[in-house]
Amino acid sequence: SAGFFQDFCPCIRAWCPCPRRSLYDARRPGTLPSLRCAGTPAPGGRCRAGLSGTEAAAGCRYFPAICPGIRPSCQRPGFPAGGRPHFLSCRELLLLYHNIVQARGICDDCDVYLKPENLQITGSFKVRGSGYKISQLTEEEKARGVIACSAGNHAQGVALAATKYGIKSLICLPDGAPISKVEATKNYGAEVCMVPGVYDDAYNEALRLRDEKNYTFIHPFDDENVIAGQGTIGIEIMNEMPDVDAVVCAIGGGGLISGVACAIKSLNPNIKVYGVQAEGAPSMVESIKNGEPVHLDSVSTIADGIQVKEPGEHTFEYVKKYVDDIVTVSDDEISSAILKLIESQKMIAEGAGAAPLAAVMFNKLPVKGKKVVCVVSGGNIDVTILSRVIKRGLLMTGRQQTFCVELQDKPGQLVAVSNIIAEKGANVISIHHERGGEGTDVNGCYLRVVLETRDFAQIKEIRDALVDAGFKLV
């Protein structure tokens with residue numbers, strides 16, 4: 001609830017410009033306070049709220065403050081020379097703060113901005129929620145060790161945070177998780193258990209091991225502390241862009257959008273918050289339609305980070321209360337968005353991270369003329385998958401096309417086709433010539449040509465030119 005966020009931190013007043021005002025109570029235009037540094041100021045310095053280094057450091061126990069470096073004034077904009085961002089205790093580096101990026105050329109109808117969570121240390125926003133949740137565990141819970149289930153990103157967040165706190169961690173991953181995510185989880189210090197199936201199967205196995213071994217379970221999304229940690233993204237967006245019109249997030253289990261929507265709507269109810277799911281995994285869409293969490297029999301999408309069969313009970317309630325609308329995007333549309341980010345922003349995003357941008361690019365949301373922030377939630381995409389995704393993206397945007405041309409088996413036919421392609425400015429990637437088989441013209445053959453093209457208009461020009469020249473396309 002809004003009250004949960006407003007009263008979240010017992011020492012939040014220390015970071016507010018007005019020591020008597022809670023962070024989330026400042027809703028009037030121009031009064032939105034920024035998160036203040038909870039780290040130790042420079043020698044002899046005091047933070048803006050007047051706290052000494054010891055007092056400011058004490059606040060880290062209560063709120064995952066984003067610290068843009070350590071300096072006496074605790075000013076937020078930019079990083080000071082030699083400074084670096086900190087998270088939680090400020091003793092260990094867990095979370096990075098990155099400015100919102102304006103994405104020019106993405107969409108002609110609206111102003112698109114990107115919140116690049118793919119640039120976090122673990123390559124995903126998940127470290128926010130898992131890091132804060134682990135920081136709130138009791139000593140007894142820490143001593144038992146932690147267990148988590150994940151499609152890959154939550155795994156890395158839990159592994160890194162647990163290792164920083166000196167806690168043993170066991171992560172259950174579906175056997176279809178990208179190799180890059182599996183290896184990264186191991187490198188962060190966690191023990192990995194591969195489970196046949198998808199995320200929900202890994203979840204069930206994690207619960208079984210929790211009960212058997214008495215581990216402390218760190219849920220990837222359906223937990224108030226995890227949701228609160230993810231909500232810091234919403235706070236950062238509001239601090240940096242208080243005039244934003246809409247924020248778009250991907251939805252898997254719903255932890256990210258629950259925290260972001262709750263934070264943003266608590267600060268400014270007029271800002272729209274939209275969710276995006278893959279067409280092959282619309283668990284939250286179906287749940288909202290039915291008025292209760294729905295379990296899907298199967299899910300399939302290239303966006304493995306949001307490939308969830310059933311949303312959480314807490315997240316379902318948050319989404320129902322705070323999210324304005326949810327749309328779905330196809331795998332082809334996600335692939336196009338990934339390719340667009342690579343080419344125009346030099347940014348690598350996984351399927352879940354590119355889903356919000358896909359919804360904007362393909363006009364799934366009413367954001368014409370608006371300032372829109374798309375949360376690029378992660379960038380942990382396996383290179384083998386990336387190559388396939390890029391190919392699909394090229395096909396979807398008219399950058400690659402295959403023609404199969406029926407020819408007469410006589411000299412000059414290949415030259416004629418090649419000349420037409422050359423005149424229209426396309427590039428031949430590959431070509432395959434084969435004679436007709438059973439049921440075809442005895443004197444016929446087929447030419448399969450893969451072309452690199454500019455757009456769909458050029459493809460049409462080539463197709464029309466081939467037909468006008470008397471060639472039959474099959």
Side-chain angles (χ1 to χ4, degrees), residues 98-120 123-125 153 178 180-181 246-250 276 278-279 301-306 327-365 367-368 370-402 421 424-430 449-462:
H98 293 282
N99 291 326
I100 292 173
V101 178
Q102 184 172 9
R104 300 182 187 278
I106 293 286
C107 183
D108 296 330
D109 296 332
C110 60
D111 294 329
V112 179
Y113 297 81
L114 307 174
K115 178 62 174 169
E117 289 299 293
N118 57 321
L119 301 181
Q120 291 294 346
S124 164
F125 75 97
N153 288 335
S180 59
K181 293 184 178 182
V247 176
V248 189
C249 300
V276 182
E279 286 181 355
T301 174
I302 60 170
D304 59 282
I306 53 176
V327 298
T328 60
V329 290
S330 68
D331 281 357
D332 285 336
E333 289 167 340
I334 292 173
S335 298
S336 297
I338 292 174
L339 181 61
K340 191 70 172 179
L341 284 171
I342 292 173
E343 290 193 316
S344 67
Q345 302 301 315
K346 310 301 180 284
M347 184 181 292
I348 300 294
E350 60 186 270
L357 186 63
V360 174
M361 283 175 56
F362 291 93
N363 302 313
K364 300 293 183 77
L365 297 169
V367 293
K368 186 174 182 179
K370 306 293 186 181
K371 282 188 176 181
V372 185
V373 173
C374 294
V375 179
V376 183
S377 56
N380 294 316
I381 185 169
D382 193 78
V383 290
T384 56
I385 297 175
L386 181 60
S387 64
R388 282 177 265 163
V389 166
I390 291 174
K391 183 175 181 179
R392 290 186 71 166
L394 291 172
L395 291 171
M396 273 292 293
T397 54
R399 303 280 297 283
Q400 192 175 108
Q401 180 66 28
T402 300
I421 293 172
K424 298 301 179 181
N427 182 48
V428 176
I429 297 175
S430 67
V449 187
V450 181
L451 302 178
E452 184 179 40
T453 52
R454 290 190 302 271
D455 49 32
F456 287 112
Q458 187 183 30
I459 292 172
K460 185 178 184 303
E461 287 179 10
I462 296 171

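Side chains are part of it too, since the values below use all heavy atoms of this structure and drop only hydrogens, waters and symmetry mates. Small disclaimer: the values here were computed from a predicted structure and weren't measured.
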- Query: Applying salt bridge (Lys or Arg N to Asp or Glu O under 4.0 Å), which residue pairs with at least one partner in residues 334-362 are found, sequence neighbours left out?
  - Reply: Lys181-Glu350, Glu343-Arg399
- Query: Which residue pairs satisfy the salt bridge (Lys or Arg N to Asp or Glu O under 4.0 Å) criterion with at least one member in residues 374-391, sequence neighbours excluded?
  - Reply: none
Look up atom [atom1] in [X] and atom [atom2] in [Y], then write down how far apart they are to the nearest 0.5 Å.
| X | Y | atom1 | atom2 | answer |
| --- | --- | --- | --- | --- |
| Phe362 | Ile334 | CZ | CD1 | 10.5 Å |
| Cys374 | Leu341 | SG | CG | 9.0 Å |
| Ile306 | Cys249 | CD1 | SG | 11.5 Å |

What pairs with [X] under side chain to side chain donor-acceptor pair (under 3.5 Å), at least two apart in sequence or on another chain?
| X | value |
| --- | --- |
| Asn118 | none |
| Gln120 | Glu117 |
| Lys368 | none |

- Query: Does the pair Ile348 and Ile342 meet the rule for a side chain to side chain contact (heavy atoms under 4.5 Å, CB included), with working shown?
  - Reply: CA-CA 6 Å; Ile348 300 294; Ile342 292 173; 3.7 Å; yes
- Counting only heavy atoms not in Lys364, do more than 12 fall under 6.0 Å of its NZ? yes
- Message: Testing Val372, Val112, Val327 one by one against Val248 for a side chain to side chain contact (heavy atoms under 4.5 Å, CB included), which residue passes?
- Response: Val372
- Item | Among Val449, Ile459, Ile462, the one residue meeting side chain to side chain contact (heavy atoms under 4.5 Å, CB included) with Gln401 | Ile459
Taking only residues two or more places apart in sequence or in another chain, which ones pass side-chain contact (heavy atoms from CB on, under 4.5 Å) with [X]?
| X | result |
| --- | --- |
| Leu119 | His98, Pro116 |
| Glu461 | Lys424 |
| Ala337 | Ala354, Leu357, Ala358, Met361 |
| Ile429 | Gln400, Val450, Glu452 |

Heavy-atom closest pair, residues [X] and [Y]:
| X | Y | result |
| --- | --- | --- |
| Tyr113 | Ile100 | CB-CG2, 3.5 Å |
| Ala250 | Ala355 | CB-CB, 4.4 Å |
| Thr301 | Ala278 | OG1-CB, 3.3 Å |
| Ser336 | Thr397 | OG-CG2, 3.9 Å |
| Glu279 | Ser330 | OE1-CB, 3.5 Å |

Less than 4.5 Å apart, side chain to side chain, heavy atoms only: is that true for [X] and [Y]?
| X | Y | answer |
| --- | --- | --- |
| Ser124 | Asn380 | yes |
| Ile381 | Ile338 | yes |
| Val428 | Leu451 | yes |

- Checking Thr453 side chain against Ala426 main chain: does a donor-acceptor pair fall under 3.5 Å? no
- Message: Please evaluate residues Ile106 and Val360 with respect to the criterion side chain to side chain contact (heavy atoms under 4.5 Å, CB included), reporting the C-alpha separation (whole Å), side-chain torsions for both, the decisive distance (0.1 Å), and the verdict.
- Response: CA-CA 9 Å; Ile106 293 286; Val360 174; 5.6 Å; no
- Could I get the full list of salt bridge (Lys or Arg N to Asp or Glu O under 4.0 Å) partners for Asp331, not counting sequence neighbours? none
- Determine, for Arg392 against Asp332, whether the closest basic-nitrogen to carboxylate-oxygen distance falls under 4.0 angstrom. yes
